[in-house]
Asker: 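Right, I'll just put the structure down here and ask away after.
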Amino acid sequence: MAKYYAVKEGRIPGIYENWDLCKQQTDGYSGAIFKSFKTKEEAQAYLSEEQIIPVHEKQLPEGKSLEEFLNEEQKAVFEAMKNGENIFLTGEGGTGKSFLVDAFTFYCQSNRINLVKAAPTGVAAVNIGGLTLHKLFRLPPHPLIEEPRYVNEIVRNADIILIDEISMCRIDMFEYIIKTIQLANKRRRGKRKIQLILSGDFYQLPPVITEQEKEILNAYYGVDDLKGAYAFMSPLWNDYGLKTYTLTIPMRQKNDAFVHALNQARIGDLSCVEWLNENTSKTPMINAPTLYGTNRAAKKRNEDELKKLDTPVYTFQASVLGEFKPSQSTAEENLELKEGARVMFLVNDPEGDDYYNGSMGVITKIADTQITVKLDHTEKEVTIGTYEWKSYEYLVDTEVDEMTMKERKVLVPEETGALIQFPIKLAYAITIHKSQSQTLDALNVLPYAWAPGQLYVALSRCTNAQNLYLQRKLTGRELVVSDEVIQFEEDPERYSFFEGEEYGD
């Protein structure tokens, strides 16, 4: 079906009949506003409307940098990053790992440093403005038990490779990546080795591994049980000289006792159970979301609650442009809303501090191009437009150093696609995976014996124990923590899973 792209703000505003022409008008244009339509008439009507400025990436005050907002602990890690150390950045949920990554990204951009960012999943990659590991390293979909023989131009010309959410990266994938980087280092012709920065928390979500994959990897590594298949289990973890930096200052929770209990839950210390049972809410949080373990359960709850409202239903279909899979964003591809519905914001307020990723509210007005939400925490009404989730590819370009007049390769991130949708979703229920990175003022949780780290992820989303309702008391069985993670975290530089034995073919 033909599509028409209306460019409201760009190099030359107007209507374009294919994505490539639209990209020419919007790529690299600060504040670009555009949208796709099925008919030319709809596109023309959009251009004729009074302009509604959509949500953009947050702009810092002139002359300011993210570095100025780092705490002392973050600044120490930031200096290590600038000094070229190979780093594993970790810490409890809400200690500012993502903010530190953003600050370092701005530093690299300002200093013409070739930083390449990647993550194991599409959502995590979009969140950091990077690529998936599969795309960056051209990883095949099967267990990676073969040796890499090819290094693409992006990896070869990177100064720094930063991998976020490293806890979800499987051991075989990690080894293939490290071997590819080592191969690239041999071909860099006198240039310094690629700096490697890993970020994440192994106490949170583990790698996904099927029974079939586990059977193949157990045979390859010569073990009965490749417990968790975490990246740090590989001897190559220490071979690359990774130094661990742990952030400890909580930025999400302010109550010391709650922070202590969460830290105990994180490491599977059962002494937190009694405190959490006694100090969390004794009654359900009426206007708070309920956290579910499956997408199906959360979706059904949201649909059931929406049906209870007597107001008209509005359906907003996301505009998907170029190479972008809807699964790469936290947004709903087909968003059904009603006035009076409870919703959650999926992004931080780019224009100020009215809301953040996880803010809750009630829809008071719906129009074609804007939605008004009354926020729970301030009772302020905010009107929002659409938000743009972007996917990127790195292009290799050549520039001349003005000091030496020598040519050098530079990596330029280029937008390859986007999803445009309102940055809210129904919030009667959410899943653990979708709650990650969010900050919630109140939450209802039905504790299950989930996979390692899942209950901790659920509990640590909430800012206040008094606004956290456990639908049944904790017994301790729900705090599932990997023994391998505990051993690794006790002494990362001395940890060994294979105890020096040879493995693989």
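Only this structure's heavy atoms are used, side chains among them; waters, hydrogens and symmetry mates stay out. All of these numbers come straight from a predicted model, not from anything done at the bench.
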Asker: Going through the checks in order, is the ring pair (Phe, Tyr, Trp, His ring centres under 6.0 Å) test met by Phe174 and Tyr230?
Answerer: CA-CA 9 Å; Phe174 175 76; Tyr230 293 96; over 10 Å; no

Asker: Crowded around His134 NE2? As in, over 12 foreign heavy atoms under 6.0 Å?
Answerer: yes

Asker: Could you check whether Asp164 pairs with Lys97 (Lys NZ or Arg NE/NH1/NH2 to Asp/Glu carboxylate O, under 4.0 Å)?
Answerer: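 Not counted as a salt bridge, because no side-chain N and carboxylate O are separated by less than 4.0 Å.
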
Asker: Would the Phe232 and Phe88 ring centres measure less than 6.0 Å apart?
Answerer: no

Asker: Which heavy atom of Cys272 sits nearest a heavy atom of Leu479, and at what distance?
Answerer: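 So the minimum-distance heavy-atom pair works out to SG-CD1, 3.6 Å.
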
Asker: One pair to check against side-chain hydrogen bond (donor to acceptor under 3.5 Å, both in side chains): Asp102 and Tyr107. What are the steps and the verdict?
Answerer: CA-CA 9 Å; Asp102 288 342; Tyr107 167 79; over 6 Å; no

Asker: Please collect all ring pair (Phe, Tyr, Trp, His ring centres under 6.0 Å) contacts where either partner lies in residues 313-345, sequence neighbours excluded, each pair once.
Answerer: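 Pairs touching residues 313-345 that pass the test: Phe316-Phe422, Phe345-Tyr355.
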
Asker: Run the salt-bridge test on Arg342 and Asp376 with the 4.0 Å N-O cut-off and return the result as yes or no.
Answerer: yes

Asker: Charged N to carboxylate O under 4.0 angstrom, Glu303 versus Lys307?
Answerer: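 Judged by the 4.0 Å cut-off on N to carboxylate O distance, Glu303 and Lys307 do not form a salt bridge.
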
Asker: Can you confirm whether Lys300 is buried at NZ, in the sense that more than 12 heavy atoms of other residues, nucleotides or ligands lie under 6.0 Å from that atom?
Answerer: no

Asker: Tell me whether Lys374 is salt-bridged to Glu381, with the criterion being a basic N under 4.0 Å from an acidic carboxylate O.
Answerer: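 Salt bridge: no.
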
Asker: Check Ile194 against Val155 and note the closest heavy-atom contact, atom names and distance.
Answerer: CD1-O, 3.4 Å

Asker: Under 4.0 Å between a Lys/Arg side-chain N and an Asp/Glu carboxylate O for Lys214 and Glu211?
Answerer: no

Asker: What I want to find out is whether Asp354 reaches Lys380 closely enough, with some N-O distance under 4.0 Å, to be called a salt bridge.
Answerer: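 Here Asp354 pairs with Lys380 in a salt bridge, since their nearest N and O are under 4.0 Å apart.
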
Asker: Might you confirm whether atom CG of Asn334 has over 12 heavy atoms from other residues, nucleotides or ligands at distances under 6.0 Å?
Answerer: yes

